[in-house]
Amino acid sequence: MDKKNTFLGLIFIGAGIGFMFWQSKQYEKQRIEQLKQAETLQAPVSQSTTPADAALVAPNVTTSATDSKSSLSVSDLFQQVETVAVEAATKPPSPESTVALYNDYIEAVFTTRGGAIQTVSFLQTKGGERDDYVFNKGGLLPALSLSLNSGDGKIREFDLDYRIEQQSSDSVTFVLDSSEGLSISREYRIASTGSVDEPYTIEHSTTFKNNSGSAKALSTIYFNLGTARPITEEMIGVNFLNVGYFDGQDAEFIPIKKLTGGKGFLGIGASNPKDVIAEAARIEWSSVKNQFFASVLSSGTVANNVFVYPVEAPSDVINQPGRLGISGSVGYELGTLTAGESKSLDFQYFVGPKEFKRLQAMGNEQDLVMQFGFLGFFSKLLLAFMYLIHSLVPSWGWSIVIMTICIKLLFWPLTAKASRSQKRMATIQGPMAELKEKHKDNPQKMQQETLKLFKEHQVNPLAGCLPMLIQMPIFLGLFYMLRTASELRFESFLWVSDLSLPDTQFMIGGFPINILPMIMGVTMFLQMSMMPVSPTADPMQQKIFKFLPFIFLIFLYNFSSGLVLYWTVQNILTIIQQKIINSRPDEPLKPVAVGVETKSKGKGGAPRTKPKRK
């Protein structure tokens with residue numbers, strides 16, 4: 001049996017080393033991607049951002065190759081009450097003009113193509129410097145551009161040239177006039193430098209005005225949410241690259257993997273790639289996001305459906321082949337405009353880092369964008385506590401350390417009691433061996449005698465598992481919190497340069513050397529070696545117990561340094577606690593009544609007992 005267990009152990013170790021090597025290859029790709037994201041990746045102005053299968057003209061309109069990009073009149077895009085002949089304008093589009101508005105936190109570039117947002121850059125999320133990541137760079141459409149449902153399950157872009165009507169240091173207004181009497185005015189405003197308003201929110205209003213003498217029925221108009229790309233290439237398959245919406249009760253998220261498809265597990269759950277996903281729902285706010293950044297579009301008007309599509313990188317975007325991005329468009333019903341009537345849709349468009357405190361302050365449960373999962377209560381509680389600590393100690397690394405110490409102190413009495421119970425296990429190793437030998441042919445009798453032995457010595461065989469079970473909700477809450485906490489991005493601590501990434505110091509043969517997970521593995525091994533093994537555990541269970549630190553090392557090796565830091569400090573504190581307990585003499589056991597059984601009831605209903613014969 002020993003040889004068999006040793007063989008299985010070697011297999012586990014080999015599999016673990018193989019898994020770590022595979023992770024290292026993935027991480028190396030991630031590092032290369034991060035370096036390349038610092039380069040300028042701007043799509044050419046002349047390149048159409050419309051999907052290849054979505055023409056820019058209304059149905060039944062034929063155009064030649066030379067005028068396929070010409071501007072369209074509004075009659076091509078709205079269903080009129082009266083029948084209007086659809087004619088495409090033949091003049092080429094005007095040269096594109098851009099306007100940049102900025103404050104201390106963002107720089108938003110607006111374009112006359114659609115009167116929408118071309119890109120948004122973040123100015124203070126990289127240690128107070130401009131971030132490498134640029135929202136909507138190489139996007140499917142300009143963010144907040146207007147589109148129309150073509151009727152074939154696809155969204156078609158309003159490929160229209162607006163003129164700049166008004167511009168100031170913190171606002172810009174675009175206007176489009178059509179020959180049929182409809183005009184569209186699009187106004188944008190950002191918080192000015194030094195303002196108390198949310199600096200990452202762009203206030204937006206789109207106004208439709210019927211200047212004609214007849215009523216016009218307007219279709220559902222779609223507003224594009226922008227395009228989010230993964231921070232690194234290897235993050236394409238994770239759930240936080242998605243389009244989401246809030247229906248007033250719950251938030252739903254459509255991840256990129258539903259569009260890219262997959263082979264499933266052994267063929268189970270396999271799915272084909274999709275060009276578009278359409279969902280009808282009551283939508284109070286909608287979002288598109290990746291690991292650390294999100295756009296959230298909210299309005300007093302409720303939307304009624306959403307289209308989600310993958311976004312192939314433009315040809316000039318280096319090292320981003322395939323469907324690496326995701327975008328969505330949200331539909332708002334406008335109804336009918338009578339002659340001379342105007343109708344406006346007002347929005348708050350947040351584009352910024354996924355900071356829980358900011359999103360929570362925006363109201364209407366927009367903090368659900370964080371996707372903390374079913375343990376969201378613990379994630380929010382721990383993040384709020386970490387914010388409090390950070391307000392006193394301006395270091396996210398030390399905030400994690402202090403928070404871990406506070407959590408350990410909170411559960412100290414419970415874990416101490418469990419450790420004392422484990423310590424008493426050492427006193428029954430001999431008697432347990434005798435029981436196993438004496439009753440090896442009578443399992444039922446051995447179980448009865450074992451339980452009696454546990455009771456006499458006040459030993460709980462599950463005591464060692466209890467502290468870990470109690471910590472698991474906290475650990476998982478921290479995992480969901482720290483995996484997308486933009487606060488940790490580019491934050492250094494001791495030798496760790498970025499708490500949101502593994503702390504790779506150098507590479508050996510393509511394998512990253514991460515110091516913090518190794519320290520975590522060593523401290524966990526020391527912690528486990530100090531814990532008495534349950535006398536009821538068989539040899540195989542004991543071997544698995546010894547392999548547990550190695551298993552944790554494998555799974556946490558390429559996790560964010562912030563999460564590994566928490567687990568390392570937790571192990572060190574547990575070692576200190578166990579040494580304190582081991583250095584103290586055993587507590588005297590309280591007397592336990594054994595060997596007494598109830599026979600019958602005496603006078604007054606009191607039980608009458610007699611001792612067992614020995």
Inset, instruction - Compute the ring centroids of Phe347 and Tyr188, then answer whether they are less than 6.0 Å apart. - result: no

State the [atom1]-[atom2] distance between [X] and [Y], to the nearest 0.5 angstrom.
X: Ser379; Y: Met481; atom1: OG; atom2: CE; answer: 7.0 Å
X: Ile221; Y: Ser329; atom1: CD1; atom2: OG; answer: 11.5 Å
X: Ile400; Y: Met386; atom1: CD1; atom2: CE; answer: 5.5 Å
X: Leu368; Y: Ser287; atom1: CG; atom2: OG; answer: 10.0 Å
X: Leu176; Y: Glu165; atom1: CG; atom2: CD; answer: 12.0 Å
X: Asn290; Y: Ile326; atom1: CG; atom2: CD1; answer: 11.0 Å

Legend entry - side chain to side chain contact (heavy atoms under 4.5 Å, CB included) between Gln366 and Phe246, intermediate numbers included: CA-CA 8 Å; Gln366 294 186 51; Phe246 179 66; over 6 Å; no

What closest approach, in Å, do [X] and [Y] show between heavy atoms, and which atom pair accounts for it?
X: Asp197; Y: Ala191; answer: CB-CB, 3.8 Å
X: Ser185; Y: Val175; answer: OG-CG2, 4.2 Å
X: Gly477; Y: Phe378; answer: CA-CB, 4.3 Å
X: Val243; Y: Gly328; answer: CG2-N, 4.1 Å
X: Ser342; Y: Leu337; answer: C-CD2, 4.1 Å
X: Leu141; Y: Ser147; answer: CD1-OG, 3.7 Å

Inset, instruction - Using the side-chain contact (heavy atoms from CB on, under 4.5 Å) rule, pick out the option among Ile256, Leu259, Thr227 that qualifies with Val311. - result: Thr227

Report yes if the side chains of [X] and [Y] come closer than 4.5 Å at any heavy-atom pair, otherwise no.
X: Tyr200; Y: Ile190; result: no
X: Tyr222; Y: Val330; result: no
X: Tyr309; Y: Asp275; result: no
X: Ser561; Y: Leu499; result: yes
X: Val351; Y: Phe293; result: no
X: Gln124; Y: Tyr105; result: yes
X: Gln360; Y: Glu365; result: no
X: Leu144; Y: Leu297; result: yes

Legend entry - Sidechain N-carboxylate O distance under 4.0 Å for Asp367, Arg358: no

Inset, instruction - Report the C-alpha separation of Val109 and Thr98 in whole Å, then their side-chain angles, then the decisive distance to 0.1 Å, and conclude whether the side chain to side chain contact (heavy atoms under 4.5 Å, CB included) test is met. - result: CA-CA 6 Å; Val109 178; Thr98 59; 3.9 Å; yes

Strictly distance-based, threshold 3.5 Å: is any side-chain N or O of [X] a donor or acceptor partner for the main-chain N or O of [Y]?
X: Arg229; Y: Tyr133; value: no
X: Tyr349; Y: Leu225; value: yes
X: Ser168; Y: Ser171; value: yes
X: Asn242; Y: Phe253; value: no
X: Lys216; Y: Asn210; value: no
X: Thr119; Y: Phe135; value: no
X: His204; Y: Arg186; value: no
X: Ser492; Y: Asp498; value: no

Legend entry - Residues Trp285, Val302; criterion side chain to side chain contact (heavy atoms under 4.5 Å, CB included); working and verdict: CA-CA 8 Å; Trp285 55 255; Val302 176; over 6 Å; no

Using a distance-only test with no angle check, is there a side-chain donor-acceptor pair under 3.5 angstrom linking [X] and [Y]?
X: Glu487; Y: Tyr387; value: yes
X: Glu341; Y: Thr338; value: yes
X: Lys289; Y: Gln371; value: yes
X: Glu284; Y: Tyr245; value: no
X: Ser500; Y: Arg489; value: no
X: Ser344; Y: Thr207; value: yes
X: Asn224; Y: Ser327; value: yes

Inset, instruction - Please say whether more than 12 non-hydrogen atoms of neighbouring residues, nucleotides or ligands are located less than 6.0 Å from CZ in Phe490. - result: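 Counting other residues, nucleotides and ligands, CZ of Phe490 exceeds 12 neighbours.
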
Legend entry - Other residues, nucleotides, ligands: >12 heavy atoms within 6.0 Å of Lys209 NZ: no

Inset, instruction - With Gln118 as reference, evaluate Arg113, Glu96, Lys137 under the side-chain hydrogen bond (donor to acceptor under 3.5 Å, both in side chains) test and give the passing residue. - result: Glu96

Inset, instruction - May I ask you to decide if the ring planes of Phe493 and Trp398 are parallel, tilted or perpendicular, using 30° and 60° as cut-offs? - result: perpendicular

Inset, instruction - Take the angle between the ring planes of Trp396 and His390 and call it parallel below 30°, perpendicular above 60°, tilted in between. - result: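 The rings of Trp396 and His390 lie parallel, inter-plane angle below 30°.
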
Inset, instruction - Run the numbers on Phe307 and Ile277 for side chain to side chain contact (heavy atoms under 4.5 Å, CB included), then give the verdict. - result: CA-CA 6 Å; Phe307 281 77; Ile277 293 176; over 6 Å; no

Inset, instruction - Run the numbers on Ser205 and Asp346 for side chain to side chain donor-acceptor pair (under 3.5 Å), then give the verdict. - result: CA-CA 4 Å; Ser205 177; Asp346 300 322; 2.8 Å; yes

